Amino acid sequence: MSLSTAEQRLIPPIDRIDLVVVKLPFVHPFGTSVQTWTHKEALLVRLESGGVVAWGECVADPDPFYMYETTVTAGHIIRDFLLPLVEPGKTLAEMNLRFSHVRGHGMAKAAVENALLHLIALQEQVPLHELLGFPPRRIPSGISIGLKGTPEELLVAVEQAVAKKYHRVKMKIKKGKDVEWVRRVRDRFPNLPLMVDANGDYGLNDAEHLKQLDDFNLMMIEQPLSYSDIFEHSLLQKSLRTPLCLDESLLTYADAMAALALGACRIINIKQGRVGGLIESLRVAEYAAARGIGVWSGGMDETGIGRAVNIHLQAAPAFNLPGDTSETSNYFHEDIVDPPVTLDDEGFIAIPPGPGLGIRVIPEHLQRYTISGECIRS
Ligand code: OSB
Ligand code: MG
């Protein structure tokens with residue numbers, strides 16, 4: 001399998017490692033049932049090797065409201081437990097085996113793995129998707145629209161997304177902002193590929209209420225029940241026609257196996273950071289896709305570094321549904337990388353060409369949005 005080629009790559013000697021935290025204001029607040037974020041704060045891993053500089057973005061938020069990891073816990077785990085396991089001359093497969101000694105903390109692991117894969121791709125002068133084993137393809141776009149104050153505001157946002165030709169639109173829901181809000185969008189856009197994401201706001205005792213969503217021909221309902229549940233989703237799925245999609249509940253390959261075996265979902269959202277990196281994501285994606293499960297790449301409102309990683313990952317054919325990768329302008333007035341992500345006139349995203357991620361970190365922008373920096377090794 002092509003995947004093994006990336007796993008068998010050797011870790012290069014590393015001259016310098018920095019952990020940098022950036023904080024960028026969002027164009028508009030991003031509301032979910034668990035938190036409203038006004039900024040993207042992200043921990044970046046910077047590697048320097050033989051004059052080549054590579055980056056990995058940790059997808060953890062500064063708070064533990066989506067997932068238990070935070071930028072601070074990720075810094076701690078990376079500095080004190082993961083980097084000591086990164087040994088030049090060993091393969092990435094060996095590194096991942098060592099990383100498995102650290103329980104959980106997939107976002108921290110992914111940040112290190114992403115940076116190393118970026119470094120290796122740059123040194124070999126190949127695009128990341130090629131290092132992972134996949135030829136380029138146009139990536140169908142999707143957008144995640146946060147909770148709004150009124151249904152009218154939501155309709156404006158959906159209208160803008162439709163005009164951009166996004167291949168599917170996801171709207172966040174929570175108790176009190178669900179069935180009627182979906183009805184409003186559906187009435188206005190009867191044929192739009194539409195889905196909802198509850199970020200775990202409901203319980204199994206809301207099953208009758210959620211059943212009403214079956215009337216709207218939704219592509220899926222993402223994570224209706226608890227972030228830590230798989231079993232109850234399998235009960236809920238039996239009572240709904242609409243496919244369920246798991247996000248928060250799937251932290252590992254074993255979680256995905258359990259979810260599929262129980263029939264807890266028909267679709268999975270893979271956030272490469274949540275499952276511990278690109279190599280692990282491809283294992284999970286290929287496992288699920290081979291069993292007829294819909295697979296797509298989620299997002300964490302990443303800066304241009306993490307966004308580029310998600311785009312390269314989606315070159316893999318196992319990602320068989322449009323994901324949550326939307327245009328840079330949907331998040332930031334100004335990003336830390338060039339070029340920004342844009343859609344073509346058919347709503348596709350081109351994989352940025354060139355070695356590595358195909359993007360350039362803009363030093364002045366990086367400096368403008370950096371809130372802390374720490375050199376770990378030099
Ligand atoms: O549940 O998918 C989610 C963003 C932050 C935390 C959780 C989620 C999201 C998104 C946005 O839905 C995805 C994106 O646009 O990157
Ligand atoms: Mg989600």
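Bear in mind the structure is a predicted one, so any value in this text is a computation, not a measurement. Counting starts at 1 for both ligands and their atoms, following the listed order. Counting begins at 1 with the first residue of the sequence.
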* Mind checking whether the Mg ion (ligand 2) has an N, O or S of Asp197 under 2.8 Å? -> yes
Using a heavy-atom cut-off of under 4.0 Å, does the side chain or the backbone of [X] touch ligand 1, or both, or neither?
{"X": "Thr32", "answer": "neither"}
{"X": "Asp247", "answer": "side chain"}
{"X": "Asp61", "answer": "neither"}

* Determine the minimum heavy-atom distance between Ile351 and Pro136, stating which atoms define it. => CD1-CA, 4.0 Å
* To do: Below 4.0 angstrom from a heavy atom of Lys172, which ligand 1 atoms are there? Numbered from 1 as shown, please.
  => 1 (O), 2 (O), 3 (C), 8 (C), 9 (C), 10 (C), 12 (O)
* **Residue Asn199 vicinity, atoms of ligand 1 by number, heavy atom under 4.0 Å** =>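 Those atoms are 1 (O), 3 (C).
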Please say yes or no: joined through hydrophobic side-chain contacts below 4.5 Å, possibly via intermediate residues, are [X] and [Y] part of one cluster?
{"X": "Leu262", "Y": "Leu246", "answer": "no"}
{"X": "Met67", "Y": "Ile270", "answer": "yes"}
{"X": "Phe30", "Y": "Val196", "answer": "no"}
{"X": "Ile17", "Y": "Ile120", "answer": "yes"}

* Check: Tyr66 N/O within less than 3.5 Å of ligand 1 N/O -> no
* Ignoring angles and geometry beyond distance, decide whether Asp197 reaches within less than 3.5 Å of ligand 1 through its nitrogen or oxygen atoms. => yes
* Side chain proximity check, Ile173 to Asp197, heavy atoms < 4.5 angstrom -> no
* Asked: Of the listed options (Phe30, Tyr331, Tyr227), which comes nearest to atom 10 (C) of ligand 1 when hydrogens are ignored and any heavy atom counts?
  ->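 Checking each option, the heavy atom nearest atom 10 (C) of ligand 1 is found in Phe30.
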* Given Met300, Lys271, Gln223, Glu222, which one has a non-hydrogen atom that is nearest to atom 3 (C) of ligand 1? -> Lys271
* Asked: Is Arg307 close enough and on-axis enough to Tyr331, meaning under 6.0 Å and within 45°, for cation-pi?
  ->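 Output yes; distance and angle both within limits.
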* Asked: Looking at Asp247, which of its N, O or S atoms is the nearest one to the Mg ion (ligand 2)?
  -> OD2
* To do: State the atom name: nearest N, O or S atom of Glu222 to the Mg ion (ligand 2).
  =>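 The Glu222 atom nearest to the Mg ion (ligand 2), restricting to N, O or S, is OE2.
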Closest non-hydrogen protein atom to [atom], residue and atom name please, with distance?
{"atom": "atom 12 (O) of ligand 1", "answer": "Ser144 OG, 2.9 Å"}
{"atom": "atom 13 (C) of ligand 1", "answer": "Gly299 O, 3.3 Å"}
{"atom": "atom 5 (C) of ligand 1", "answer": "Asp301 OD2, 3.7 Å"}

* What's the verdict on salt bridge (charged side-chain N to carboxylate O under 4.0 Å, His left out) for Arg274 and Asp247, showing C-alpha distance, side-chain angles and the deciding distance? -> CA-CA 9 Å; Arg274 198 193 62 227; Asp247 171 357; 2.6 Å; yes
* Structure fact -> So NE2 of His101 and CG of Leu85: to nearest 0.5 Å the spacing works out to 8.0 Å
* Ion pair check, Lys165 and Asp344, cut-off under 4.0 Å -> no
